[in-house]
Amino acid sequence: MEQIKGYYKKFVTEGFGEDGILNNFEINCPDNFNFAYDIIDKFAQLQPDRPALLWTDTAGGERTLSYGEMSRLSNKAANLFAQKGVKKGDKVMLVLKRNYQFWYAIIALHKIGAVAIPATHLLTAHDFVYRFEQAEVTGIVTTGYNPEVCVHVNEADEQTGNTLKFKMIANSKGELPVGFEDFDKLLESQPDTFERVQTDCREMMLLYFTSGTTGYPKMVTHNYRYALAHILTAAHWQNVQPDGIHFTVADTGWAKSAWGCLYGQLALGACLYVYDFDKFIPADVLKMIQDYKITSFCAPPTMFRFFIKEGLGSYDLSCLKYCVIAGEALNPEIFERWLEYTGIELMEGFGQTESVVMLANLIGMQPKPGSMGKPVPLYNMDIVDEDNNTVQVGEVGEIVVRTERDADGMFQGYFKNDELTDKAWSNDIYRTGDTAYRDEDGYYWYVGRNDDLIKASGYRIGPFEIESVLLTHPAVLECAVTGAPDPIRGQVVKATVVITKDYSAKEEAELVKELQEHVKKNTAPYKYPRIVEFVSELPKTISGKIRRVQIRQEDNK
């Protein structure tokens, strides 16, 4: 264990205050650092049998990969990609859901010096066309668990002039789709050694497509230093222990996977747990935590709410030592209920596809329920007005990072879009697009995306506070607050609500009035929702975030 800890600590400098809380963190990144060689292969040399990945699926399948196996399989995959013509700098898309092949496939691409593009299996042909053209994709590996993906890929490849050099499918089910080869079978015949390709830590390693509220998805690029910066995410926010088992609920197509299922955790020598599922069923996830003795856990706050509604009394969660949340702001009620059931405080953090963790309740901090915590020592964070002036305590502004380009853990820019990059990051200030206020103790409190702010009758209203109040009402299972167009006020507050079963029979008009009065009593009356709509479910991304933009778009039709 000390051998493992001693090795990863060579890459970082950590300093702690008298209160034991981290107050200094720096990356010591060699110019030729490459996560695949210098973390995975090194741990394979130090402790080859050390578990790296514990994978299960809904059908009862189970696969455990040690660091030694991860090293060998990534060597095989690197040889296979090279055989298919992949060279340093080429871009390869991985559409592998939570399939275990994703891990050694992406590590293999790092070994070649190629650029990995993780993507969701929910893309259509139209989505693939845009991605193939904009990112200049060389080839793709898809999942056999969703064969319709291959149909979309073939259609997009034809529309873009059949530019893909290869198309492979993992976990193939039956006959191979037209134009696809079997990734798993091809891998078997490959050598399990691979000569190191020299890479520079400033070169592009990773590209994510990330959608905003308007326009086409942006292409966020990261270099090899990004992997090391996630040690901060894993070690000091998620409290991942090298001898523990960490579980982050995330699909590999999204950056949340890089945050919780790859770089920081494996850089510590820890074991990842991956549950391969399509539909989130609270009881199933709770059972996995219990049965596989998960020690640290990360999920969106919404999932914790469903866990609580499910009832925790039937599960032995004594294995859990630490829990963190991200992706949505935390409602204080969820914090209190989870603490009551498990004795564990939910430690919130904030960051983006463009970064590692920026704000967090780090280990040793006393969390304030509902607060994102304080700036991590890697970044100089601030809250500013439209002219980049620091706002006063309690005043809402935009969260920014005061940093020069090429900072550790920060993205390199938006690929092929200097104009968009300069708009977000200029004069050594990166604007996150998220709004918050800071209290007298330096804790940051989330308000919403710039686009989520509601401007009604001259008031600027953030949705989160209203959602938090609504969620304290026993009738509300989930809710999303947005601004709806209004000819007089410009916008009015609208609450889209999923109600609990106990209230399903209640008269709708009566329940609307009850919820409106509940908000008026528990926050400023002008914030109450003038419109309340009941729905069976809220629109969400695959990573569990509520898509308020979709609600707004439907209201504006």
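Values below: all heavy atoms of this structure, side chains included; hydrogens, waters and symmetry mates excluded.
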Worksheet item: Relative to each other, are the rings of Phe411 and Tyr414 parallel, tilted or perpendicular (30° and 60° limits)?
Response: tilted
Item to complete: Please find out if less than 6.0 Å separates the ring center of Tyr379 from that of Tyr430.
Response: no
Discussion item. Is the ring pair His110/Tyr224 parallel, tilted or perpendicular, if the boundaries are 30 and 60 degrees?
Written reply: perpendicular
Worksheet item: Do Asp316 and Lys287 meet the salt-bridge criterion of a basic N to acidic O distance under 4.0 Å?
Response: no
Worksheet item: Can we say Asp278 and Lys97 salt-bridge, meaning some charged N sits less than 4.0 Å from an Asp/Glu carboxylate O?
Response: yes
Worksheet item: Hey, are Asn28 and Glu26 close enough side-chain-wise for a donor-acceptor pair under 3.5 Å?
Response: no
Fill in: Beyond-backbone contact of Trp55 with Phe102, side-chain heavy atoms, under 4.5 angstrom
no
Worksheet item: Any side-chain heavy atom of Glu203 within less than 4.5 Å of one from Asn223?
Response: no
Discussion item. Angle between ring planes, Tyr226 versus His230, binned at 30° and 60°: parallel, tilted or perpendicular?
Written reply: perpendicular
Discussion item. If the threshold is 4.0 Å, N to carboxylate O, is there a salt bridge linking Asp200 and Arg225?
Written reply: no
Discussion item. For a 4.5 angstrom cut-off between non-hydrogen side-chain atoms, does Arg548 reach Thr496?
Written reply: no
Worksheet item: Taking the six-membered ring for Trp, are the ring centroids of Phe25 and His236 within less than 6.0 Å of each other?
Response: yes
Discussion item. What I want to find out is whether Asp441 reaches Lys368 closely enough, with some N-O distance under 4.0 Å, to be called a salt bridge.
Written reply: yes
Fill in: Ring centres under 6.0 angstrom apart (Phe35, Tyr263)
yes
Discussion item. Applying the side-chain hydrogen bond (donor to acceptor under 3.5 Å, both in side chains) criterion to Thr199, which one of Asp31, Asn32, Asn34 satisfies it?
Written reply: Asn34
Worksheet item: When you look at NZ of Lys423, are more than 12 heavy atoms from neighbouring residues, nucleotides or ligands closer to it than 6.0 Å?
Response: no
Worksheet item: Taking the six-membered ring for Trp, are Tyr7 and Phe43 ring centroids under 6.0 Å apart?
Response: yes
Practice prompt. Could you tell me whether the side chain of Ile308 reaches within less than 4.5 Å of the side chain of Arg305, counting heavy atoms only?
Written response: no
Discussion item. Do Tyr275 and Asp57 pair up side chain to side chain, a donor and an acceptor below 3.5 Å, judged on atom types alone?
Written reply: no
Practice prompt. Measure the shortest side-chain to side-chain distance between Leu515 and Val476 over non-hydrogen atoms and say whether it is less than 4.5 angstrom.
Written response: yes
Discussion item. Could you check whether atom CD of Glu62 has more than 12 heavy atoms from other residues, nucleotides or ligands sitting under 6.0 Å from it?
Written reply: yes
Discussion item. When you compare the side chain of Arg202 with that of Gln412, does any pair of heavy atoms fall below 4.5 Å?
Written reply: no
Worksheet item: Is it true that Phe33 and Phe11 have ring centroids separated by less than 6.0 Å?
Response: yes
Discussion item. Counting C-beta onward and ignoring hydrogens, is there a side-chain heavy-atom pair between Thr302 and Lys540 closer than 4.5 Å?
Written reply: yes
Worksheet entry | NZ/NE/NH1/NH2 to OD/OE distance under 4.0 Å, Glu395 and Arg438 | no
